[in-house]
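Here is the structure we will look at, set down as structure tokens.
The sequence lines fix the lettering, A, B, ..., with proteins before strands; numbering per chain opens at 1.
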There are 2 protein chains.
Amino acid sequence: MATKSIDAEWKKGSAELLILSLLEAMPRHGYEISKLIEHRSEGGIRFHAASLYPLLYRLEKRGWIQGRWVEKSGQRRRRYYQLTPSGVKVLAAQREGWQAFVEAISRITGAENA
Amino acid sequence: MATKSIDAEWKKGSAELLILSLLEAMPRHGYEISKLIEHRSEGGIRFHAASLYPLLYRLEKRGWIQGRWVEKSGQRRRRYYQLTPSGVKVLAAQREGWQAFVEAISRITGAENA
DNA sequence: TACGATATGTGGCATAGCAATATATGGCAA
DNA sequence: TTGCCATATATTGCTATGCCACATATCGTA
């Protein structure tokens, strides 16, 4: 139970919001993003490489994030992504959308006394 | 904008929670469920027939809901679904899981000052 | 040498949403 | 009487996407 995700299904769709949010403050690379999500959710939400990297390419292709390779001696090359101006706008819209969605779910699942 | 879903992606996975919640108080049929969700979310969340009916079959197959045909003169036959004891337990677990998920998302997307 | 952590990448399968389409009934308007 | 809309359930086929398993590559440590 503790090794499993909170719910694999619910992770879908929220992935973009999570990644864009984490890139808001500073550029980060893929592995860092996956570890951050894992730690902050206390292991509840986990991104697999096979989901994360293709998603990063999609976000970059849409122009929401911009990646650049950083090579430092003593470590494998990393691709750091940062939010583009377009990505900042999308993030704001997604935050609003997420709020609205959570409220809608709340109204539907909790209004059984109506 | 108003004709579009809040976000098609976020609907994924929450579908089961929505349906189980709506069946908690009383048995309902498919079309009724889709209309209820649409109205309570003020059009933000909408279930298409091609998603809803297969989902209802899946839930019934898993033993979480039980359907029965109701035929009344003057209207098309309807299939009313009600929660099974197993479904009640699953609903409780899904409610908890949803809460935990929303909190985890909040921690990840809002902790950029850490 | 061997293993684990870091770091990125991909082929292929399974799931699942949705557009389009179909069937069937009843009410209402042209 | 013909046509259209709302109700109500159902399926086919396309597409998007998550994940298992595997691969590549570097570094530290035992």
- Task: Rounded to the nearest angstrom, tell me the gap between atom NZ in Lys35(B) and atom C1' in dC5(D).
- Result: 12 Å

- Message: From C-beta outward on Tyr31(B), which listed nucleotide comes closest to its side chain: dA6(D), dT10(C), dT8(C)?
- Response: dA6(D)

- Measure from the side chain of Tyr53(B), starting at C-beta and using heavy atoms only, and say which of dT8(C), dT9(D), dA19(C) lies closest. dT9(D)

- Task: Considering non-hydrogen atoms only, spot the tightest contact between Ser14(A) and Phe101(B) and give its length.
- Result: OG-CZ, 3.4 Å

- Message: From C-beta outward on Arg62(A), which listed nucleotide comes closest to its side chain: dC18(C), dT17(D), dT8(C)?
- Response: dT17(D)

- Task: Write down the atom of Gly67(A), the atom of Tyr81(A), and the distance for their closest heavy-atom approach.
- Result: CA-CD2, 3.5 Å

- With the sugar-phosphate defined as primed atoms, P, OP1 and OP2, and the base as all remaining atoms, what B/S/- string results for nucleotides 23-30 of chain D, 5' to 3', for protein heavy atoms under 4.0 Å? -BB-S---

- Verify same cluster id: Tyr31(B), Leu56(B) (apolar side-chain graph, 4.5 Å): yes

- Query: Taking only N and O in the side chain of Ser51(B), is any of them less than 4.0 Å away from OP1 or OP2 of dC18(C)?
  - Reply: yes

- For Arg62(B), does the CZ atom have more than 12 heavy-atom neighbours from other residues, nucleotides or ligands under 6.0 Å away? yes

- Query: With respect to the side chain of Ala50(A), which nucleotide from dT9(D), dC19(D), dG9(C) is positioned closest?
  - Reply: dC19(D)

- Arg79(B) CZ to dA24(C) C1': how many Å, rounded? 18 Å

- Message: Any carboxylate oxygen within less than 4.0 angstrom of a Lys/Arg side-chain nitrogen, looking at Lys35(A) and Glu32(A)?
- Response: no

- Query: CG of Leu52(A) versus P of dG18(D): gap in Å, rounded?
  - Reply: 10 Å

- Message: Check this for me: does any side-chain nitrogen of one of Glu71(A) and Arg77(A) sit under 4.0 Å from a carboxylate oxygen of the other?
- Response: no

- When you check the phosphate oxygens OP1 and OP2 of dG9(C), does a side-chain N or O of Tyr57(A) lie under 4.0 Å from one of them? yes

- Specify the separation, in whole Å, of atom CG of Leu55(B) and atom C1' of dA10(D). 14 Å

- Message: Side-chain N or O of Arg58(B) versus OP1/OP2 of dA16(C): is the shortest distance under 4.0 Å?
- Response: yes

- Item | 5' precedence on DNA chain C between Ala49(B) and Ala49(A) (nearest-nucleotide basis) | Ala49(A)

- Task: Kindly compute the distance separating CG (Leu55(A)) from CD1 (Ile19(A)), expressed to the nearest 0.5 Å.
- Result: 4.0 Å

- Message: Output the rounded distance in Å from CZ (Arg68(B)) to P (dT9(D)).
- Response: 13 Å

- Roughly how many Å is it from NE2 in His48(B) to P in dA16(D), rounded to a whole number? 16 Å

- What is the distance, rounded to the nearest whole Å, between atom CG of Leu56(B) and atom C1' of dA16(C)? 14 Å

- Separation of dA5(C) C1' from Glu32(A) CD (nearest whole Å): 15 Å

